Number of protein chains: 2
Amino acid sequence: MSEDPRRSEPNLGLLCFFPHRQMEARVMGAVAAAGFDDITLAQSRVFQRIGPDGTRISDLAEQARISKQTVTFLVDQLERAGYVERVPDPTDARARLVRIAARGRAAVEVAVVAEAEVEAEWVRHLGRRDAACLRRALTRLREITDPYR
Amino acid sequence: MSEDPRRSEPNLGLLCFFPHRQMEARVMGAVAAAGFDDITLAQSRVFQRIGPDGTRISDLAEQARISKQTVTFLVDQLERAGYVERVPDPTDARARLVRIAARGRAAVEVAVVAEAEVEAEWVRHLGRRDAACLRRALTRLREITDPYR
DNA sequence: TATATTAGTTCGATAATCTGTCTATCATCA
DNA sequence: TGATGATAGACAGATTATCGAACTAATATA
């Protein structure tokens with residue numbers, strides 16, 4: 001019954017880690033099982049930041065907190081595999097927009113279903129009340145932990 | 001005022017990502033600023049899983065979800081830099097326990113202070129009520145997202 | 001218009017990770 | 001008890017992810 005006094009309360013940052021890791025693993029597993037087994041975790045972390053109208057390499061880099069060079073490297077692979085395409089940015093001839101391509105859209109469809117399944121499990125475990133509370137607190141916390149909206 | 005209909009509610013897994021990333025970055029920054037600037041993110045992710053009485057390589061691997069070989073590689077570096085030491089496991093002559101060494105304890109001291117600072121900022125932003133609610137929900141969520149207690 | 005900045009790429013180096021293999025020790029069970 | 005199989009850790013080689021430096025083309029600024 002008594003607690004080990006050396007084990008203190010885990011901090012909120014660490015507590016956030018476990019759900020995120022599980023979500024990522026479950027979604028990647030579902031996507032791979034659906035035949036999209038040539039996408040890596042690093043690629044997916046760039047891919048999931050592509051906006052509906054396409055996103056620039058440099059914006060992807062900033063949001064994922066990795067160098068432009070690394071994003072170029074990963075987008076090259078995503079493009080070769082048919083998940084994304086590069087199109088000119090009409091507002092700036094230096095830039096190109098990375099957009100989700102046909103194969104990418106198909107993978108997203110699988111991913112959103114898997115996401116919803118995992119989230120439903122969580123809500124079932126927590127109960128409606130705590131789940132709503134969790135979402136609200138995390139949404140507010142995002143205001144100060146994510147510079148991108 | 002009106003929402004872009006294409007941007008749906010971010011899932012809970014993603015929402016957990018931002019706080020975790022910020023906590024990790026802030027703690028790493030504080031530790032590096034205090035002179036422990038020879039520790040990498042990958043090393044720290046293994047390091048933080050070492051228990052108070054030492055932990056085996058294979059247990060660290062399982063908890064961090066990386067291969068034993070990678071943990072051996074990272075622990076080699078942590079040991080050379082004085083953050084950890086390897087001692088024989090008295091219960092099994094095949095195994096060795098990775099334990100936090102003097103320099104490691106000094107780094108942990110800095111880390112826990114930084115952690116508390118970040119968490120205090122979060123609580124200030126959320127308010128006592130939502131912060132307590134967040135901690136409770138995350139603690140319960142850990143039951144089903146972290147197999148290690 | 002000359003100069004500085006920005007977007008993206010290529011190149012080379014390094015860090016992190018995996019699979020396969022090996023040795024020593026432990027566990028099982030006939 | 002002794003043979004067999006499993007486990008803990010380490011070593012070697014290959015691959016993936018990442019970075020910093022340098023480059024080109026286009027844009028912004030003074």
Side-chain angles (χ1 to χ4, degrees), chain A residues 21 24-25 28-29 31-32 36-51 53-81 83-99 148, chain B residues 21 24-25 28-29 31-32 36-51 53-81 83-99 148:
Chain A
R21 177 175 68 181
E24 195 170 56
M28 282 298 285
V31 167
F36 306 100
D37 53 357
D38 55 346
I39 190 168
T40 68
L41 202 51
Q43 286 166 24
S44 79
R45 286 173 180 162
V46 167
F47 180 86
Q48 74 183 142
R49 289 179 164 80
I50 300 171
D53 303 313
T55 306
R56 294 184 183 183
I57 292 276
S58 40
D59 291 336
L60 292 173
E62 204 175 343
Q63 287 176 48
R65 305 264 216 274
I66 55 181
S67 68
K68 285 192 304 177
Q69 294 92 321
T70 300
V71 176
T72 297
F73 172 78
L74 295 169
V75 166
D76 282 348
Q77 301 174 32
L78 286 167
E79 191 174 29
R80 255 181 276 121
Y83 289 105
V84 307
E85 58 192 355
R86 281 186 245 229
V87 299
D89 182 339
T91 73
D92 188 336
R94 290 171 300 180
R96 304 167 78 182
L97 294 173
V98 179
R99 275 203 320 207
Y148 302 92
Chain B
R21 178 175 68 178
E24 195 170 56
M28 281 299 284
V31 167
F36 306 101
D37 53 356
D38 55 345
I39 190 169
T40 68
L41 203 52
Q43 286 165 24
S44 79
R45 286 173 180 161
V46 167
F47 180 86
Q48 74 185 140
R49 289 178 164 83
I50 300 172
D53 302 313
T55 306
R56 293 184 184 183
I57 292 277
S58 39
D59 291 336
L60 292 173
E62 204 174 345
Q63 287 176 46
R65 305 263 214 275
I66 56 180
S67 67
K68 286 192 302 177
Q69 292 89 327
T70 298
V71 175
T72 297
F73 172 77
L74 295 169
V75 166
D76 282 348
Q77 301 174 32
L78 285 167
E79 190 173 30
R80 255 181 274 122
Y83 290 104
V84 307
E85 58 191 355
R86 281 186 243 230
V87 299
D89 182 340
T91 72
D92 188 337
R94 290 171 300 180
R96 305 167 77 182
L97 294 173
V98 179
R99 274 202 321 207
Y148 302 93

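Reminder, nothing fancy here: chain letters follow the sequence lines and each chain counts from 1. Every value quoted in this text rests on a predicted model; they were computed, and no experiment measured them.
Inter-axis angle, ends of the helix from dT1(C)-dA30(D) to dA30(C)-dT1(D), five pairs per end, rounded to 10 degrees: 30°.
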Its contact letters, B for base, S for sugar-phosphate only and - for none at protein heavy atoms under 4.0 Å, make nucleotides 13-23 of chain D read ----BBBBB--

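Under the salt bridge (charged side-chain N to carboxylate O under 4.0 Å, His left out) criterion, R86(A) pairs with D76(A), E79(A), not counting sequence neighbours. For A93(A), there are no side-chain contact (heavy atoms from CB on, under 4.5 Å) partners at least two apart in sequence or on another chain. Remark: Q69(B) pairs with S67(B) by the side-chain contact (heavy atoms from CB on, under 4.5 Å) rule, at least two apart or across chains.
By the 4.5 Å heavy-atom criterion applied to side chains, L78(B) and Q43(B) are counted as neighbours. You'll find the side chain of V98(B) stays beyond 4.5 Å of the side chain of E85(B), heavy atoms only. Contact check for M28(A) versus L41(A): side-chain heavy atoms found under the 4.5 Å cut-off. With contacts defined as side-chain heavy-atom distances shorter than 4.5 Å, the pair V87(A)/R96(A) does not qualify.
Nucleic acid contact for D76(B): none, since no nucleic acid atom lies under 4.0 Å from a heavy atom of the residue.
Within the structure, every side-chain polar atom (N or O) of R86(B) is placed at least 4.0 Å from both OP1 and OP2 of dG9(D).
When rounded to the nearest whole Å, the span between CG of D92(A) and C1' of dT24(D) equals 14 Å. The distance from atom CG of D89(A) to atom C1' of dA26(D) is 12 Å, rounded to the nearest whole Å. Here the C1' atom of nucleotide dT7(D) and the CZ atom of R96(B) are 16 Å apart, to the nearest Å.
Each of V75(A), D38(A), I50(A) was checked for a side chain to side chain contact (heavy atoms under 4.5 Å, CB included) with Y83(A), and the lone residue meeting it is D38(A).
Using a distance-only test at 3.5 Å, with no hydrogens or angles considered, a donor-acceptor pair links the side chain of T55(A) to the main chain of G51(A). Judged by distance alone, the side chain of T72(B) and the main-chain N or O of K68(B) form a donor-acceptor pair under 3.5 Å. Put simply, the side chain of R49(B) gets close to the backbone of R45(B): a donor and an acceptor are under 3.5 Å apart.
Using a 4.0 Å cutoff to heavy atoms of chain B, the contacted part of DNA chain C runs 5' to 3' from dA16(C) to dC26(C).
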